[in-house]
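Every heavy atom of this structure was used, including side-chain atoms; hydrogens, water molecules and symmetry mates were not. Keep in mind that this is a model prediction, so the values were computed, not measured. In each ligand, atom 1 is the first atom listed, and ligand 1 is the first ligand listed.
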Amino acid sequence: MERCARSGSSTFAGTKLVAHPVRLSPLKNQPLVVRAAGGQEQPPKNSYDSLEERIASGEFTDAGSTKERLTRPLRRVLARDPVGPGRALAWRLAKIGQRWQRNAASRMPTATGDIREIVGQPVFVPLFKLYQIYGPIFKLSFGPKQFVIISDPQMAKRVLLYNATNYSKGILSEILDFVMGQGLIPADGEVWKVRRRVIVPALHKRYLAAMLDMFGDCAQHGADMLEQSHRDGKPVEMENFFSRFGLDIIGKAVFGYEFDSLTHDDPVIQAVYTTLREAEYRSTYPIAYWNLAPMRWLVPRQRRNAAALQVISDTLDELIAKCKRLVEEEDQEFVEEFLSKADPSILHFLIASGDDITSKQLRDDLMTLLIAGHETTAAVLTWTFHLIVDRPDVIARMREECDRVLGGRKPTFEQVRELRYCMRVINESMRMYPQPPVLIRRALADDELGGYRVPAGSDIFISVWNLHRSPALWEEPDVFNPDRFPVESPPPNETTHDFKYLPFGGGRRKCIGDQFALFEAITALAMLVQRFDFQRAPDAPPVEMTTGATIHTTNGLWLDIKPRQMPADSAAPPPPPAAEVPELATGGAASTGLSEERELTLAFANAAAQQQQQQQQPQA
Ligand code: HEM
């Protein structure tokens with residue numbers, strides 16, 4: 001892994017907004033700091049440095065009624081008529097103008113601007129500033145494009161839960177169509193309902209237990225790679241490391257495929273990354289030129305993307321065919337819950353359970369799970385390490401817990417739930433860096449949010465970033481404090497925190513991989529902090545944010561990693577991780593760090609609770 005060049009910076013006090021190509025750097029316990037790539041101070045014109053002044057000047061504000069403003073000069077001219085009909089007309093116009101003004105005042109606050117101001121930088125960053133100015137709901141207009149930005153828990157609850165059937169995935173479906181087709185994330189309506197009902201049961205308790213075992217093996221393998229980097233005297237770029245770690249896990253979990261991307265690169269791995277980057281590119285690029293057929297062939301990156309999609313599609317077809325053969329050979333002797341020791345993957349479950357779907361739908365589902373379950377967890381782990389690396393107090397508490405519960409070994413199903421403090425570290429990391437930072441919806445029919453009418457067709461952004469960083473909702477929101485979620489309380493989620501905390505969304509479209517992801521992240525975190533000491537690489541570039549579907553770093557998170565030094569007066573180091581034979585663990589419901597409902601078949605319970613919520617939801 002090559003070390004990135006140090007990027008220069010310009011720093012401003014307080015939360016500042018900056019123009020492309022400036023990135024925002026999240027520094028622990030400090031106000032957000034702005035850095036300019038290339039080290040140049042940004043010119044004030046067209047820059048978010050001056051956004052505050054520009055907003056104050058009214059530049060972004062749709063002030064009052066346009067009709068009233070346009071007719072005002074005419075009214076003044078008419079009013080000059082001392083006695084005649086002009087004066088009467090002016091009076092009449094003034095009355096009508098007052099009505100227009102009253103109507104305008106009851107309209108949703110509106111920020112207008114130039115889309116170039118937002119393109120190319122993390123979109124949630126300017127949205128936070130605008131939230132502070134315009135409040136929990138406002139309209140953002142860029143020429144003909146309009147978005148309603150929501151930063152209020154109760155409005156989010158209405159969109160995601162109470163009136164969820166009124167909202168589709170909107171632009172997200174359009175953007176992701178090329179890669180996920182009718183997969184669970186972009187799908188709506190009947191297709192979504194059917195596919196969710198089929199896929200959720202695949203993530204049952206015994207499956208999660210089997211996966212946990214595999215997470216431990218992958219973390220072990222990853223740890224060996226990190227140790228090798230230490231022996232080679234090289235720092236490690238952790239975002240890259242976790243991305244590959246996540247890819248290896250999701251490949252096995254979803255379709256039983258060994259990417260082994262931690263050790264090597266191959267055309268399939270390259271194809272996956274080309275496609276992922278294209279999805280992110282399309283979600284931030286303002287003009288959908290790729291919808292024009294000739295552009296798909298004229299533009300090199302689009303040609304590369306088409307080729308990558310073909311590689312993935314062929315690989316998935318092979319895996320589907322292989323899995324079908326395996327299921328046939330199993331001779332109808334389905335293992336309990338369709339969980340095969342030879343192949344415990346979701347693909348195997350879907351085929352073995354007799355799910356009768358087209359290969360195209362199956363490919364869409366697999367691609368969706370691959371993308372949904374890969375970079376999200378990788379991003380969570382990256383930002384968690386960014387947060388803990390300068391916090392020896394947090395690392396010490398995690399180590400105490402891991403040494404006590406695991407003693408250097410990989411966690412079992414029971415043990416992972418005892419790692420309550422480690423889980424709170426992940427919970428808090430997901431509060432500070434939600435993945436994705438914005439949820440997207442489109443209103444299918446008129447709705448009312450925060451007292452404002454939201455017409456059918458409105459594109460809605462629920463800013464999870466704003467909810468999670470709002471000073472109105474959290475004490476010291478920019479401070480990394482895992483203790484804000486006490487270990488003795490149930491783990492935080494959208495229900496315990498009444499929709500102000502949405503790391504996995506909420507309502508009927510809540511993440512189906514939440515427990516999978518938490519177990520994976522806790523396992524990786526626990527196994528790495530048990531084994532290594534971490535510090536920032538001395539000449540590493542500053543850690544800054546950029547965004548696609550998840551929050552990425554601009555130049556990586558570079559750490560020096562070395563085997564953990566035990567303090568002189570401490571007990572002997574924990575035993576080296578045992579090479580346990582992977583087998584299907586069954587997991588029990590003993591003492592847990594999870595709520596009662598989660599102790600049962602987790603994914604089932606999740607789905608059942610959501611169905612219940614849907615039934616109870618008030619009518620719009
Ligand atoms: C830390 C890791 C993860 C995070 C932060 C995360 C976050 C989310 C969020 C916020 C949503 C809701 C999106 C919305 O409402 O628009 C979601 C949906 C989804 N997630 Fe995850 N996710 C993670 C891991 C996973 C994993 C491991 C899987 C699969 C194995 C997965 C599969 C899905 C699917 C299929 C959906 C769509 C559900 C639907 O619309 O019915 N996610 N995820």
Side-chain angles (χ1 to χ4, degrees), residues 156-157 159-161 164 167-173 175-176 180 182-189 191-200 202-203 207-208 211 215 242-243 246-247 249-255 283 345-347 349 364-384 423 426-427 429-442 460-465 467-468 493-494 499 501-525 549-551 602-603 606-607 610-611 614:
K157 193 172 182 179
V159 174
L160 298 177
L161 177 64
Y167 291 91
S168 72
K169 286 290 181 99
I171 19 175
L172 197 70
S173 308
I175 291 167
L176 295 178
M180 294 190 191
Q182 289 283 293
L184 209 49
I185 287 188
D188 280 310
V191 176
W192 168 78
K193 214 185 268 177
V194 171
R195 296 315 299 155
R196 179 140 180 144
R197 219 176 278 148
V198 170
I199 294 172
V200 165
L203 288 105
Y207 170 79
L208 289 177
M211 289 305 110
F215 300 159
F242 284 128
S243 180
L247 182 62
I249 284 186
I250 208 74
K252 287 185 196 167
V254 174
F255 33 75
S283 65
S345 70
I346 293 178
L347 172 61
F349 178 96
D364 289 350
D365 290 339
L366 298 178
M367 261 324 270
T368 302
L369 292 171
L370 174 77
I371 293 178
H374 165 211
E375 294 229 311
T376 40
T377 321
V380 167
L381 280 165
T382 304
W383 290 106
T384 302
M423 190 193 236
I426 300 283
N427 297 143
S429 161
M430 288 197 292
R431 182 190 67 79
M432 294 195 74
Y433 297 100
Q435 317 287 349
V438 171
L439 302 180
I440 297 174
R441 294 292 187 273
R442 180 173 290 157
I460 316 269
F461 283 6
I462 299 172
S463 174
V464 183
W465 177 278
L467 287 170
H468 287 191
N493 58 33
E494 77 286 4
F499 279 71
Y501 181 64
L502 294 174
F504 293 106
R508 69 211 298 254
R509 309 244 18 191
K510 184 179 172 177
C511 179
I512 64 167
D514 56 347
Q515 299 303 313
F516 179 113
L518 282 172
F519 286 178
E520 178 185 345
I522 295 169
T523 303
L525 181 64
T550 54
I551 307 172
L602 299 165
N606 203 356
Q610 282 166 17
Q611 264 166 16
Q614 272 167 256

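- A parallel orientation is assigned to the rings of Trp383 and Tyr433, their planes being inclined by less than 30° (bins at 30° and 60°).
- Atom 16 (O) of ligand 1 has as its closest protein heavy atom Arg441 NH1, 2.9 Å.
- Arg509 has a carboxylate O that lies under 4.0 Å from a charged side-chain N of Asp188, or vice versa, which qualifies the two as a salt bridge.
- Here the heavy atom of the protein found nearest to atom 30 (C) of ligand 1 is Ile250 CD1, 4.1 Å.
- The protein heavy-atom contact nearest to atom 29 (C) of ligand 1 is Leu369 CD2, 3.9 Å.
- In this structure, Pro436 counts as a contact residue of ligand 1, since one of its heavy atoms falls inside 4.0 Å of the ligand.
- Side-chain contact between Ser243 and Glu375 is present, with heavy atoms from C-beta onward closer than 4.5 Å.
- With values rounded to the nearest 0.5 angstrom, Lys193 atom NZ is found 6.5 Å from Arg508 atom CZ.
- From the protein, the heavy atom lying nearest to atom 38 (C) of ligand 1 is Arg196 NH1, 3.4 Å.
- For ligand 1, the atoms sitting less than 4.0 Å from at least one non-hydrogen atom of Trp192 are 39 (C), 40 (O), 41 (O), numbered in the order shown with element in parentheses.
- Nearest protein neighbour of atom 13 (C) of ligand 1, counting heavy atoms only, is Leu439 CD2, 3.9 Å.
- Separation of atoms CG (Leu439) and CD1 (Ile460) is listed at 12.0 Å; rounding is to 0.5 Å.
- Heavy atoms of Val380 found under 4.0 angstrom from ligand 1 belong exclusively to the side chain.
- Residue contacts with ligand 1 do not include Glu520, since none of its heavy atoms lies under 4.0 Å from the ligand.
- Of all protein heavy atoms, the one lying nearest to atom 40 (O) of ligand 1 is Arg509 NE, 2.9 Å.
- Between Thr368 and ligand 1, not a single N/O pair is under 3.5 Å apart.
- Of all atoms in ligand 1, listed by their number and element, those nearer than 4.0 Å to a heavy atom of Pro503 are 5 (C), 7 (C), 10 (C).
- With hydrogens and angles disregarded, a donor-acceptor distance shorter than 3.5 Å links the side chain of His468 to the backbone of Leu502.
- Here is the list of ligand 1 atoms found below 4.0 Å of a heavy atom in Lys169: 14 (C), 16 (O), 40 (O).
- Protein N/O/S atoms found under 2.8 Å from atom 21 (Fe) of ligand 1: Cys511 SG.
- Side-chain contact between Tyr167 and Leu160: absent, with no pair of heavy atoms (C-beta onward) separated by less than 4.5 Å.
- For atom 7 (C) of ligand 1, the closest heavy atom belonging to the protein is Gln435 O, 3.5 Å.
- Close contacts of ligand 1 with Phe516, meaning ligand atoms under 4.0 Å from a residue heavy atom, involve 27 (C).
- By the 4.5 Å heavy-atom criterion applied to side chains, Ile512 and Leu369 are counted as neighbours.
- Between Thr377 and ligand 1, no pair of N/O atoms sits closer than 3.5 Å.
- In this structure, Gly513 and Leu203 approach most closely via the heavy-atom pair CA-CD2, 4.3 Å.
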